[in-house]
There are 2 protein chains.
Amino acid sequence: MEKEIPLLNNMNVSAIDFEKYEQKFKALADQQRLQIINILALKESVCVCDLTPIIDMPQSKLSYHLKILLEADLIKKEKRGTWNYYSLNIKELKDLLSNQLCCVFLPSCC
Amino acid sequence: MEKEIPLLNNMNVSAIDFEKYEQKFKALADQQRLQIINILALKESVCVCDLTPIIDMPQSKLSYHLKILLEADLIKKEKRGTWNYYSLNIKELKDLLSNQLCCVFLPSCC
DNA sequence: TAAATACATCAATAATTTTTGATGTTAGGA
DNA sequence: TCCTAACATCAAAAATTATTGATGTATTTA
């Protein structure tokens with residue numbers, strides 16, 4: 001059962017919301033992950049193998065960071081054969097970030 | 001000297017920017033701090049002594065979290081006598097968050 | 001079918017962040 | 001001047017996250 005916090009604003013903000021936002025902001029709260037998002041903003045869809053040479057990171061580490069972004073629903077994953085293609089979850093990012101930030105972390109936003 | 005990352009988007013995104021955003025998102029990436037922001041969104045300006053009973057937290061812990069928000073420039077502090085009043089840095093939050101999120105974390109945004 | 005590529009996952013370690021309780025500082029009141 | 005309230009800060013411990021290198025699993029390709 002969801003714990004209800006008294007109406008604190010003109011929106012009904014429940015505890016579960018804070019938890020959700022915490023996860024999303026945590027995913028954003030890392031320079032390396034912000035860089036990944038910034039690269040994805042350019043490339044539409046990128047496989048891990050393309051990402052590894054661009055971003056200077058061991059493969060397992062990259063995998064770890066991609067997973068965090070994925071679990072926060074900020075990016076999407078699509079498997080094609082042996083390759084896993086990642087792309088931005090544009091709707092989610094727009095719901096989260098200001099237009100100004102979209103210029104940095106979303107394609108063709110400005 | 002600031003490391004310049006090649007132009008990755010229609011904005012000139014330098015390494016230092018990622019660092020700045022990392023700090024701000026880190027500050028947001030915590031349920032307790034989000035709750036503090038949400039309370040400040042209602043109250044305009046609140047002293048720590050008013051906050052302590054509302055938010056169930058030892059004083060030193062509250063002080064710690066306020067400092068993190070302050071250092072990320074998401075809130076402001078004003079000293080009046082013995083009291084320290086905190087309030088949202090509305091401009092900064094608007095620059096960071098979507099309108100949708102402003103409804104939760106900013107006053108009279110929706 | 002054997003080897004190689006493209007990943008994910010795991011367990012151990014390292015690093016960072018958070019919590020706690022104690023102490024320090026400053027301003028105001030008795 | 002002494003006492004108290006309202007904080008900030010500090011150091012130690014606890015908790016969480018991140019990094020690393022190794023291993024596992026598909027899917028291709030030779």
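Below, read A as the first sequence line, B as the second, and so on, with proteins coming before strands; counting in each chain starts at 1.
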For [X], side chain to side chain contact (heavy atoms under 4.5 Å, CB included) partners two or more places apart:
X       : result
A/Thr52 : A/Val48, A/Leu62
A/Ser98 : A/Gln100, A/Leu101
B/Gln32 : B/Asp30, B/Met57, B/Lys61, B/His65

(message) side chain to side chain contact (heavy atoms under 4.5 Å, CB included) for A/Leu106 and A/Leu97? Distances and angles first, verdict last.
(response) CA-CA 10 Å; A/Leu106 278 181; A/Leu97 304 179; over 6 Å; no

What is the distance, rounded to the nearest whole Å, between atom [atom1] of [X] and atom [atom2] of [N]?
X       : N      : atom1 : atom2 : answer
A/Phe25 : C/dT17 : CZ    : P     : 18 Å
A/Leu51 : C/dA6  : CG    : P     : 13 Å
B/Asn84 : C/dT25 : CG    : C1'   : 12 Å
A/Gln31 : C/dT16 : CD    : P     : 12 Å
B/Asp50 : D/dA6  : CG    : P     : 9 Å
A/Leu66 : C/dT9  : CG    : P     : 12 Å
B/Leu28 : C/dT17 : CG    : C1'   : 16 Å

(message) Please pick, from C/dA6, D/dA8, C/dC7, the nucleotide with the shortest atom-to-atom distance to any side-chain atom of A/Val48.
(response)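 Out of C/dA6, D/dA8, C/dC7, the nucleotide with an atom closest to A/Val48's side chain is C/dC7.
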
(request) Looking only at side-chain atoms of B/Ser63, point me to the closest of D/dA6, D/dA8, C/dA8. (result) D/dA8

Extract all donor-acceptor atom pairs below 3.5 Å that involve side chains of residues 80-95 of chain A and protein atoms in other chains or at least two apart in sequence.
from	atom 1	to	atom 2	distance (Å)
A/Asn89	OD1	A/Glu92	N	3.3
A/Asn89	ND2	A/Asp73	O	2.9
A/Asn89	ND2	A/Asp73	OD1	3.4
A/Lys91	NZ	A/Asp95	OD2	2.7
A/Glu92	OE2	A/Lys24	NZ	2.9

Could you run down the sub-3.5 Å N/O contacts of the protein with nucleotides 11-13 of chain D?
none

(message) Output one letter per nucleotide in nucleotides 14-21 of chain D: B when a protein non-hydrogen atom lies under 4.0 Å from the base, S when only the sugar-phosphate is that close, - when neither is.
(response) ---SBBBB

(message) Using a 4.0 Å heavy-atom cut-off, does B/Tyr85 contact any base of the nucleic acid, only the sugar-phosphate backbone, or nothing at all?
(response)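 No contact.
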
(request) Measure the CG-CD1 distance between B/Leu42 and B/Ile37 for me, rounded to the nearest 0.5 Å. (result)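 The CG atom of B/Leu42 sits 13.0 Å away from the CD1 atom of B/Ile37.
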
(request) Look up atom CD1 in A/Ile36 and atom CD1 in A/Ile55, then write down how far apart they are to the nearest 0.5 Å. (result) 4.5 Å

(request) Can you run down the salt bridge (charged side-chain N to carboxylate O under 4.0 Å, His left out) pairs that involve residues 37-57 of chain A, sequence neighbours left out, and say none if there aren't any? (result) none

(message) Once you measure the plane-to-plane angle for A/Phe18 and B/Phe105, does it fall in the parallel (<30°), tilted (30-60°) or perpendicular (>60°) bin?
(response)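 Rings of A/Phe18 and B/Phe105: tilted, 30 to 60°.
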
[X] with [Y], same ILVMFWY side-chain cluster at under 4.5 Å:
X       : Y       : answer
B/Leu28 : B/Ile68 : no
B/Tyr64 : B/Leu66 : no
A/Ile75 : A/Val46 : yes

(request) Would you state whether a donor and an acceptor, one from the side chain of B/Gln59 and one from the base of D/dA8, lie under 3.5 Å apart? (result) yes

(request) Verify the contact: side-chain N or O of A/Lys67 to OP1 or OP2 of C/dA8, cut-off strictly under 4.0 Å; return yes or no. (result) no

(message) Using a 4.0 Å cut-off on heavy atoms, which residues in residues 71-80 of chain A reach DNA chain D? List them by number, or say none.
(response)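 DNA chain D contact set from residues 71-80 of chain A: none.
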
